[in-house]
Peer 1: 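Dumping the structure here so I can ask a few things about it.
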Amino acid sequence: MSLSDHPKAYGSAAVALAFTAGILVTLGLKDFYPDLEYRYRYRHKRGPSSARPADGRISSFFSLGPPLKLEDHGDHESRRPSPGHHHPQEQQQQPAEGIESCIGNTPLIEIRSLSKATGRTILAKAEFLNGVGNSPKDRVALNMIREAERNGLLVPHRGDTIYEGTVGSTGISLAALARARGYKAHICMPDDQALEKSDLLHHLGATVERVAVAPITSPDHFVNLARRRAYDHAGNAADGSRGFFANQFESEANWHAHLTATGPEIWKQTDGHLDAFVAGAGTGGTISGVARYLKMEADAGAVRIVLADPQGSGLYNKIKHGVMYSPTEREGTRRRQQVDSMVEGIGINRITDNFEAGRDLIDDAVKVTDGQACRMARWLVENDGIFVGSSSSVNCVAAVMTAMSLPEGSRVVTILCDSGTRHLSKFWKSIKEMGLEDEEATDLFVELGVGYPRLRPRRDVLCDR
């Protein structure tokens, strides 16, 4: 009797055959389904433009019938982010509007060689990464312009000119932002500043007046000259345009920029865990604004605020002894009318409104010599690959000194103001002439001329948080 004549036998054989076929198909598809899932997820991650068949379907050797088409029947609207809420990766991909969007949110980096040498964590706010003028003055310049616009003192594309007296960085920021917002810029600066700064200002389209160094009491002082040029603008212009004197030394928009942005950024980036903030003062806006945020807004009274002051400046004595005095002011000893130092951007012999706004919050001051600043700048290049200018070097020297007055493990934050590329013809030229580029520095404290300092914990200035 044949197999076809026996129904039970035929049925059993069919079941066995189907079972065997199922096993073979399963074994064949076990590696296919993960790949199918990956392709499905990849399609939805990449979107419609990702490489795949035009009809969106996936076929395979094992497919029976027409190619398989995967469809997502989920509720797209329910998964769409609400306005203002973006995935971090999506947020980075959003185009920003204008060069102004490159200002702020600069990284806070650890200077590892200084941390290792001191046994304390030394962090630096990389303000040279502000994307307009590459310094913290970007924040100030933008805030001063916005304030002037709100008050009707500046009107875009009316022909208005922004006038400012500056040693360089604020002028560079103002010149770039002026062009971006429809203004002209006229900058007055001392003729003893590095040529790179005035050259850059010219390239940014600013009118530049390099004037002889004069005391602030002189009408020819660079700040007073800028004020006078702004006042005379309307009388000299026949197009109805106005002149605006930015007045960075006295304008509240200066320290407010650091109160509302720089200070909060530092607090957030440290998660509120810092023991000291160290900064120099030119206009005084940075140290005052950050100090007011840390000590008052953030309720971080235990954070010490320390002024970094170059030689020849009177601010150190004002903080330490309450008297504005520098040894270079003695008759016959003063070689310059402003500050007897190669350091640019910080150090001054008068109290500005911006400095006064935070003076009562400054706990201590550190005096830094030109030699220490030069050696620190070279140390940072050799050990950390950080190439900065003179004011940043002064800040780092003072940060080290401050760190050594605090318990081991403390955290000190300072500012890296601008790149060394703006200081080649003066500061870095002096470093080369000193022979520092031909030497290999091996001990930080020997370089700074302070020997091997004893660890002197000062827990009296710290409190538990």
Side-chain angles (χ1 to χ4, degrees), residues 106 109 111 113 124-138 141 164-176 185 187-206 208-213 222 280 282 308 310-313 335-336 338-347 368-397 414-441 447-448:
T106 55
I109 63 174
I111 305 180
S113 71
K125 186 80 165 144
E127 286 291 275
F128 62 87
L129 292 179
N130 281 299
V132 176
N134 309 123
S135 80
K137 297 302 184 179
D138 280 358
E164 182 60 299
T166 169
V167 296
S169 292
T170 305
I172 292 168
S173 298
L174 282 171
I187 304 302
C188 300
M189 64 187 303
D191 60 6
D192 62 347
Q193 300 301 293
L195 291 172
E196 294 92 322
K197 297 180 180 180
S198 54
D199 287 345
L200 180 54
L201 284 165
H202 281 298
H203 290 305
L204 288 171
V208 182
E209 286 189 76
R210 289 179 68 97
V211 301
V213 176
F222 65 98
Q311 66 181 51
S313 172
R335 296 192 298 272
R336 286 185 43 178
Q338 188 182 7
V339 175
D340 187 24
S341 170
M342 71 173 65
V343 175
E344 298 179 359
I346 58 175
V368 179
T369 68
D370 283 356
Q372 289 175 321
C374 289
R375 291 180 180 278
M376 174 58 77
R378 188 59 200 163
W379 174 276
L380 293 175
V381 168
E382 290 182 357
N383 294 276
D384 300 277
I386 297 175
F387 184 59
V388 291
S390 53
S391 56
S392 301
S393 298
V394 169
N395 286 345
C396 288
V397 173
T414 191
I415 301 287
L416 297 180
C417 306
D418 60 1
S419 168
T421 56
R422 291 185 186 168
H423 302 264
L424 296 177
S425 65
K426 186 177 176 183
F427 181 64
W428 278 95
K429 181 182 178 181
S430 297
I431 291 174
K432 182 178 181 180
E433 291 174 347
M434 291 171 64
L436 298 181
E437 295 183 341
D438 301 322
E439 303 174 359
E440 182 179 356
E447 290 299 308
L448 298 182

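Sequence positions, counted from 1, serve as the residue numbers for this chain.
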Peer 1: Return the minimal non-hydrogen interatomic distance between I415 and K125, and the atom names on each side.
Peer 2: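 Closest approach of I415 to K125: CD1-CB, 3.7 Å.
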Peer 1: Between V208, V167, T170, V211, which is the residue that forms a side-chain contact (heavy atoms from CB on, under 4.5 Å) with M189?
Peer 2: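 With M189 as partner, side-chain contact (heavy atoms from CB on, under 4.5 Å) holds for just one option, V208.
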Peer 1: Go through E164 and F222 one step at a time and tell me if the side chain to side chain contact (heavy atoms under 4.5 Å, CB included) criterion holds.
Peer 2: CA-CA 9 Å; E164 182 60 299; F222 65 98; over 6 Å; no
Peer 1: At their closest point, which heavy atom of I187 faces which heavy atom of G171, and how far apart are they?
Peer 2: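 So the two residues come closest at CD1-CA, 3.7 Å.
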Peer 1: Between atom CD1 of I386 and atom OG of S419, what is the distance when rounded to the nearest 0.5 Å?
Peer 2: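 Reported to 0.5 Å precision, the distance equals 11.5 Å.
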Peer 1: Contact between C396 and L380 at the side-chain level, heavy atoms closer than 4.5 Å - yes or no?
Peer 2: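 With C-beta onward as the side chain, the pair touches.
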Peer 1: Under the side chain to side chain donor-acceptor pair (under 3.5 Å) test, which residues partner D191, sequence neighbours left out?
Peer 2: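 Residues passing side chain to side chain donor-acceptor pair (under 3.5 Å) with D191: none at all.
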Peer 1: Ignoring hydrogens, what is the shortest heavy-atom contact between A176 and V132? Give both atom names and the distance.
Peer 2: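 Scanning both residues, the minimum pair turns out to be CB-CG1, 3.5 Å.
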Peer 1: Drop me the distance from R378's CZ to M434's CE, to the nearest 0.5 angstrom.
Peer 2: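 Output value for this atom pair is 12.0 Å.
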Peer 1: Closest heavy-atom contact between E447 and W379?
Peer 2: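 Of all heavy-atom pairs spanning E447 and W379, the closest is CG-CE3, 4.3 Å.
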Peer 1: Checking S173 side chain against D138 main chain: does a donor-acceptor pair fall under 3.5 Å?
Peer 2: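 Confirmed, S173 side chain pairs with D138 backbone.
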Peer 1: Taking G168's backbone N and O only, do any of them form a donor-acceptor pair with K137's side chain (distance below 3.5 Å, no angle check)?
Peer 2: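 No; judged by distance alone, with no hydrogens or angles, the pair does not exist.
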Peer 1: Between K432 (side chain) and E437 (backbone), is there a donor-acceptor pair under 3.5 Å?
Peer 2: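 Checking the backbone N and O of E437 against the side chain of K432, no donor-acceptor pair under 3.5 Å is found.
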Peer 1: Between N395 (side chain only) and A308 (backbone N and O only), is there a donor and an acceptor less than 3.5 Å apart?
Peer 2: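 It does not hold such a pair.
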Peer 1: From R422 CZ over to N134 CG, what is the distance, rounded to the nearest 0.5 angstrom?
Peer 2: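 With rounding to 0.5 Å, CZ (R422) is 5.5 Å from CG (N134).
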Peer 1: So I109 and L416, side chain to side chain contact (heavy atoms under 4.5 Å, CB included) or not? Walk me through it.
Peer 2: CA-CA 10 Å; I109 63 174; L416 297 180; 4.2 Å; yes
Peer 1: Which distance, rounded to the nearest 0.5 Å, do you find between the CG of L448 and the CZ of R375?
Peer 2: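 CZ of R375 is found 9.0 Å from CG of L448.
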Peer 1: For C417, is there any backbone N or O sitting under 3.5 Å from a side-chain donor or acceptor partner on S135?
Peer 2: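 The answer is no, because no donor-acceptor pair under 3.5 Å joins these two groups.
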Peer 1: Does E344 come within less than 4.0 Å of K197, counting only side-chain N to carboxylate O?
Peer 2: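 Salt bridge flag = yes for K197 with E344.
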Peer 1: Applying side-chain contact (heavy atoms from CB on, under 4.5 Å), name anything that partners F427, two or more places apart in sequence or on another chain.
Peer 2: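 Scan of F427 (side-chain contact (heavy atoms from CB on, under 4.5 Å), adjacent residues dropped) gives M342, A373, C374, A377, S390, S393, H423, I431.
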Peer 1: Within the distance-only criterion (no hydrogens, no angle test), does the side chain of E382 pair as donor or acceptor with the backbone N or O of A441 below 3.5 angstrom?
Peer 2: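 Answer holds: yes.
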Peer 1: Taking all non-hydrogen atoms of both residues, which atom of P310 and which atom of V394 are closest, and how far apart?
Peer 2: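 In this case the closest contact between P310 and V394 is N-CG1, 4.4 Å.
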Peer 1: Step by step, work out the side-chain hydrogen bond (donor to acceptor under 3.5 Å, both in side chains) result for S425 and E196.
Peer 2: CA-CA 7 Å; S425 65; E196 294 92 322; 2.7 Å; yes
Peer 1: Evaluate the criterion side chain to side chain contact (heavy atoms under 4.5 Å, CB included) for residue pair D418 and S391; output intermediate values, then yes/no.
Peer 2: CA-CA 8 Å; D418 60 1; S391 56; 4.3 Å; yes
Peer 1: Decide side chain to side chain contact (heavy atoms under 4.5 Å, CB included) for T106 and F128; before the verdict, give the C-alpha distance in whole Å, the side-chain angles of both, and the deciding distance to 0.1 Å.
Peer 2: CA-CA 8 Å; T106 55; F128 62 87; over 6 Å; no
Peer 1: Show the numbers, then the answer: is there a side-chain hydrogen bond (donor to acceptor under 3.5 Å, both in side chains) between Q311 and T369?
Peer 2: CA-CA 5 Å; Q311 66 181 51; T369 68; 4.8 Å; no
Peer 1: So which atom in W428 and which in V388 form the shortest heavy-atom distance, rounded to 0.1 Å?
Peer 2: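 Heavy-atom minimum between the residues: NE1-O, 3.0 Å.
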Peer 1: Under 6.0 Å from the CD atom of E433, do we count more than 12 heavy atoms belonging to anything else shown?
Peer 2: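 Yes - once you tally the heavy atoms of other residues, nucleotides and ligands closer than 6.0 Å, there are more than 12.
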Peer 1: I'd like to know if the side chain of R210 reaches the main chain of Q193, judged simply by a donor and an acceptor atom lying under 3.5 Å from each other, with no hydrogens or angles considered.
Peer 2: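 Checking the backbone N and O of Q193 against the side chain of R210, a donor-acceptor pair under 3.5 Å is found.
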